[in-house]
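Only heavy atoms go into these numbers, but all of them, side chains included; no hydrogens, no water, no symmetry mates. Naming: A, B, ... by sequence-line order, numbering from 1 per chain.
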Amino acid sequence: MELSAKYNPSATEDKWYAYWLEHKFFHSEPDEREPYTIVIPPPNVTGILHMGHVLNNTLNDVLIRKARMDGKNACWIPGTDHASIATENKVVAKLKSEGIEKESLTRGEFLKYAWEWKEKHGGIILSQLRKLGASCDWDRTKFTMDPDMSEAVINTFVYFYRKGYIYRGIRMVNWDPVGHTAVSDEEVIHRDTVSKFYHLRYFISDGNGNPTDKYIIIATTRPETIMADAAICINPEDERYHWLKGKKVLIPLINKEIPVIEDSYVEMGFGTGCLKVTPAHDVNDYEIGLRHNLPVLDIIDDHGRLNEKALILVGEDRFDARHKIEGMLREAGNLEKVEDYTSPVGYSERTNAVIEPRLSMQWFLKMDDLAREALESVESGKVKLIPDKYRNTYRHWMENVRDWCISRQLWWGQRIPAYYLPDGSFVVEPTPEAALEAARKINPAVTAEDLRQDEDVLDTWFSSWLWPISVFDPEMPGHPDHKPGKDLAYYYPTSDLVTGPDILFFWVARMIMAGNEFMHDVPFRNVYLTGIVRDKLGRKMSKTLGNSPDPLDLIAKYGADAVRLGMLLCSSAGNDILYDEAQIEQGRNFCNKIWNAYRLISGWKTDGDAVQPEASAVAVKWFRNKLHETVALVEDHFSKFRISDALMAIYKLFWDDFCSWYLEAVKPAYNTGIDRKTLEASEEFFEALLKMIHPVMPFITEELWHAMADRQEGETIMLQRYPSAGAYDSVLIENFGNACEAIAGVRNIRQQKNISLKETLELKVRTGFPTEVLPVIEKLANVKVTVTDSFGDTASGVSFMVKTSEFFVPLAGMVDTAEEIARLEAVIAYQEKFLETVRKKLSNEKFVNSAPEKVVAMERKKEADSLAKIAAAEASLKALKGE
RNA sequence: GGGAGCAUAGCUCAGUUGGUUCAGAGCGUCUGCCUUACAAGCAGAGGGUCGGGGGUUCGACUCCCUCUGCUCCCACCA
């Protein structure tokens, strides 16, 4: 059958993925083999595949496929994350577009919509991963809100509550007015933001609530909060304001009287040195308020609007209010001036809303003990971070961690299992039944109807930190004395985790905590932290910039293998990836190269009588050694998670060594058959190469592996053993490399002298050059080689050197003597300079005495080689000059 | 404000205890080729004072100090 000159991925990818699924090659069950386990970083259940996923899951798939081919029992657990805030936002937005407000729904009604949404959109991303070729064990797919997974979360909550780690308290939290929930400190992103610095006049009160003509100036970025001011604060050391001590001032517009207090928190040099204290809307002010017993007046509601306690601008959004109050203050004569000002402002990671510091009742998990142990796990090397520069960051975070705010004012998630009695006390139990029983111990009269469950749900990370445990045995979390199930006992701890550094703390650190707590062992051995995918200008991929390509479009255009290779080419661990479509083109081109190598080999016909040419014999011998050498190199790269280096080594082995040198060396002349030995060796090499590439490019390798031989139904390249590194003869490899250089030398001369490849030339080489590789030179350079001690008339030809071997091509009548003299003189000049530096070293006693023997010997060899080269060049020069 | 990291060819990056002829790779560039696997290709070539300065050493891309320029993380200066 005639094969197309181009590889067509669309014709093969779906076919082979279906084949793999049909034969359950991805499925794993515990057995006597060594397990190799990866849990997927669960993507948002309603998310769509983006380039970051492509990078991450390609790496995961390469590792898992490599392990599978290494004979391990490889298991990659897929699944999705319920992503409370993100998903709830999407559902709320969707309902809103249909004219339904969340507030108008009961919790149950809303959750019904949410589950419908999840059923419709959930899992899209998992099907996209199939397009990429991900070899996940789909039978084990998990979702963080599966009933048993949710149960694990509840049990964990109860466990830590009973342990005394979970408590409830009023805290200043980061309020997200768009998500209508508190978020953790880690979910707040601080960005320098241009705003205004308003200088306001606060008039001194005469004591009866009436303004005098004296005033002080206070600088603030948030004039809309002045109605909640509880005091004005000055530094007690500040002599400028001593006259203010004990006075009262009036809040502009509402004329409310508030005291002047003193606190060293105020910096005299900043702003006007005079601070308005608004305990309800600023973390520091809250602290000051506590010290000075100030009342807390909360004037902003869940949506970020002023409430009735503000007295004015009630119902206005905080930013509208800021704008409006500026005018009102100016009109009232309270606005001294407005300056531009840049200051860090907190934004919600999920909704990008400006965070409103707000007091509220929340649930917290004590972190100190958990963090201490989790730090130890990394410090001791039980968990290795790759690259290890993240250890510093990790340590810093673990040593400064604050208690984890785990409650969220949302409905989509695991509801906190705290049940309130009518008197306000509460019990924490895994089920309503158990809660009732416990409540009756407090008050026997309580009925099920009297109990009210806490309205909040748990932070999503409070479920995903259990992921490496609960996917195998959801009964384990919360029960550290439970006997792990068969799967958990076999697969835990998992082997490697591949994820982004942005969730090192959110997720990785907390998984380590949960692992230590419930399994008394870390959840994984190695954490490979990828970079962030950026565009080629270094900008983050984002929808608004429109610089984020759709991976499925790329797969459709170039093929999944090309996309995978393109992503890996530029991905060294921990470094950001500058994505460029050109890399994916390179991947496509590589597919094509593989495809065409197959076309060549598959077209060869054996000629039963043909004996193996010498050139083929040495090429076969050389490539076998080269293959062994490269496998060893690749294994070394893999062991150090240098995936892109491993890939490049294979890429060069295939393209340069196999295609450009080996195949050209053994390729039979036009219309002639090939000998059996060479054909068999070629097929063996090609198959080994396919196996080496398979983890990175699963589709094309499966296609060609099947095409090259009669395979049985149920056979697959993905379960073949990865080629093993055998011994190799580095002398042969070097000799062959020198032969290649000699070939290049002749080709170079041909190009310079414009001599066609079809014209056979003479090539002389000095005795001593390994004769074994000469047939290859003869074939690929189209030369007739003579080994000799004497080049004869070197004036009528061109010489060149490979390492220390001298070659000569007689070219009667074609030599530009002047040019050749100039070239040789340049060689001599360069070598003499080089020789000088070498001799300088060797004449330095300190060098000779203190440097290792090997290094000194090397310098002596350099000296000898250089002398030889000079001698050769000088001889040629002499001949040219006719001396 | 605190901490960490980076700076090597036009671009993206390797360079693994300071020592192989070590200044590298891929891509791009230039030159010549539609050569019977592949022009998404083949052959060949050019290209860098390893950010600046100083120091340690027989020897520094590699270790130390300093300057400059980027990046990231953490952080409550209104």
Side-chain angles (χ1 to χ4, degrees), chain A residues 3 5-7 172 185 190 197 218-222 233 265-267 269-278 282-287 341 343-344 346 357 387 389-390 392-393 396-397 400 501-502 504-505 532 536 538 558 562 569-572 574-578 580 582-583 585-586 588-604 636 640 642 644-645 648-649 651-652 659-660 663-664 667 669-671 743-745 747-752 754 756-758 803-804 834 838 841 844-852 854-859 861-862 865-866:
Chain A
L3 289 172
K6 306 258 187 287
Y7 168 62
M172 186 64 88
D185 293 336
H190 292 270
F197 215 16
I218 285 148
T220 179
T221 54
R222 303 204 56 191
C233 190
Y265 167 78
V266 177
E267 290 211 16
F270 189 83
T272 61
C274 208
L275 171 73
K276 77 186 197 68
V277 183
T278 319
D282 186 278
V283 179
N284 303 300
D285 292 10
Y286 180 66
E287 300 290 326
Y341 184 68
S343 62
K389 67 178 177 185
Y390 285 106
N392 290 330
T393 329
H396 184 262
W397 191 76
N400 295 283
D502 48 334
L504 182 56
F505 311 132
I532 293 165
K536 61 178 167 186
Y558 297 105
L569 273 176
C570 53
S571 65
S572 48
N575 287 341
D576 284 357
I577 313 274
L578 298 193
D580 186 346
Q583 285 151 354
E585 283 179 33
Q586 195 181 343
R588 177 201 56 188
N589 295 353
F590 189 46
C591 287
N592 227 16
K593 191 70 184 175
I594 298 171
W595 181 254
N596 278 294
Y598 170 72
R599 282 214 305 153
L600 177 66
I601 296 172
S602 66
W604 283 343
D636 184 54
K640 292 168 182 157
R642 297 164 164 262
S644 60
D645 287 344
M648 188 47 67
Y651 180 91
K652 287 197 281 192
C659 294
S660 298
L663 287 179
E664 293 299 332
K667 196 182 203 173
Y670 185 55
N671 259 344
I743 293 162
R747 285 170 174 170
N748 195 8
I749 290 169
R750 283 182 188 276
Q751 177 156 349
Q752 280 169 8
N754 206 12
S756 162
L757 180 63
K758 294 189 173 105
K803 300 288 188 303
T804 56
F834 180 73
V838 173
K841 261 191 190 176
N844 182 338
E845 267 182 51
K846 282 185 180 171
F847 170 73
V848 180
N849 293 335
S850 46
K854 256 171 84 179
V855 176
V856 178
M858 194 55 64
E859 291 299 316
K861 182 166 183 337
K862 282 188 200 173
D865 291 352
S866 186

Short N/O separations, protein against nucleotides 69-76 of chain B, under 3.5 angstrom:
| from | atom 1 | to | atom 2 | distance (Å) |
| --- | --- | --- | --- | --- |
| B/C76 | O2' | A/Asn284 | ND2 | 3.2 |
| B/C76 | N1 | A/Asn284 | OD1 | 2.9 |
| B/C76 | O2 | A/Tyr265 | OH | 3.4 |
| B/C76 | O2 | A/Asn284 | OD1 | 2.4 |
| B/C76 | O2 | A/Asn284 | ND2 | 3.0 |
| B/C76 | N3 | A/Asn284 | OD1 | 3.1 |

What pairs of nitrogen or oxygen atoms, one from the protein and one from nucleotides 42-46 of chain B, lie under 3.5 Å apart?
| from | atom 1 | to | atom 2 | distance (Å) |
| --- | --- | --- | --- | --- |
| B/C42 | OP1 | A/Lys593 | NZ | 2.6 |
| B/C42 | OP1 | A/Trp655 | NE1 | 2.7 |
| B/A43 | O3' | A/Arg747 | NH1 | 3.2 |
| B/G44 | OP1 | A/Arg747 | NH1 | 3.4 |
| B/G44 | O2' | A/Asn748 | OD1 | 3.1 |

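Distances were taken from every side-chain heavy atom of A/Lys6 (C-beta onward) to each of B/A14, B/A39, B/A37; the shortest belongs to B/A39. Here B/U21 is the nucleotide among B/U21, B/A78, B/G19 with the atom lying nearest to any side-chain atom of A/Asp865. Ranking B/A40, B/G19, B/A37 by closeness to the A/Arg599 side chain, first place goes to B/A37. Nearest nucleotide to the side chain of A/Phe834, out of B/U16, B/U21, B/A78: B/U21. When each of B/A25, B/A14, B/U21 is scored by its nearest atom to the side-chain atoms of A/Thr804, the top-ranked nucleotide is B/U21. With B/U21, B/A37, B/A25 as the choices, the nucleotide that has an atom nearest any side-chain atom of A/Leu663 turns out to be B/A37.
In this structure, the side chain of A/Asn849 engages the main chain of A/Glu845 through a donor-acceptor pair within 3.5 Å. Under the 3.5 Å distance criterion, the side-chain polar atoms of A/Asn596 are matched with a main-chain donor or acceptor of A/Asn592.
Contact annotation for A/Val277: no contact, since no heavy-atom pair falls under 4.0 Å across all strands. Residue A/Leu578 is classed as a sugar-phosphate contact, given heavy-atom separations below 4.0 Å to backbone atoms only. Within 4.0 Å of A/Ala219, counting heavy atoms only, lies at least one base atom of the nucleic acid.
Distance A/Asp580 CG to B/C13 C1': 14 Å, rounded to the nearest Å.
Looking at residues two or more places apart in sequence or on another chain, you find a ring-ring contact (aromatic ring centres under 6.0 Å, His included) between A/Phe505 and A/Trp397. With sequence neighbours excluded, the residues that form a ring-ring contact (aromatic ring centres under 6.0 Å, His included) with A/Phe590 are A/Tyr651, A/Phe654.
More than 12 heavy atoms of other residues, nucleotides or ligands shown are found within 6.0 angstrom of CG on A/Asn400.
Once rounded to the nearest 0.5 Å, the distance linking CZ of A/Arg750 with NZ of A/Lys758 reads 11.0 Å.
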Nucleic acid footprint by protein, nucleotides 57-65 of chain B - heavy-atom cut-off 4.0 Å, B for base, S for sugar-phosphate alone: -B-------
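The shortest non-hydrogen separation linking A/Gly271 to A/Ala219 is CA-CB, 4.4 Å.
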Canonical and wobble pairing (Watson-Crick, G-U, under 3.5 Å) of RNA chain B, dot-bracket with |: (((((((..((((.....[....)))).(((((.......))))).....(((((..]....))))))))))))....
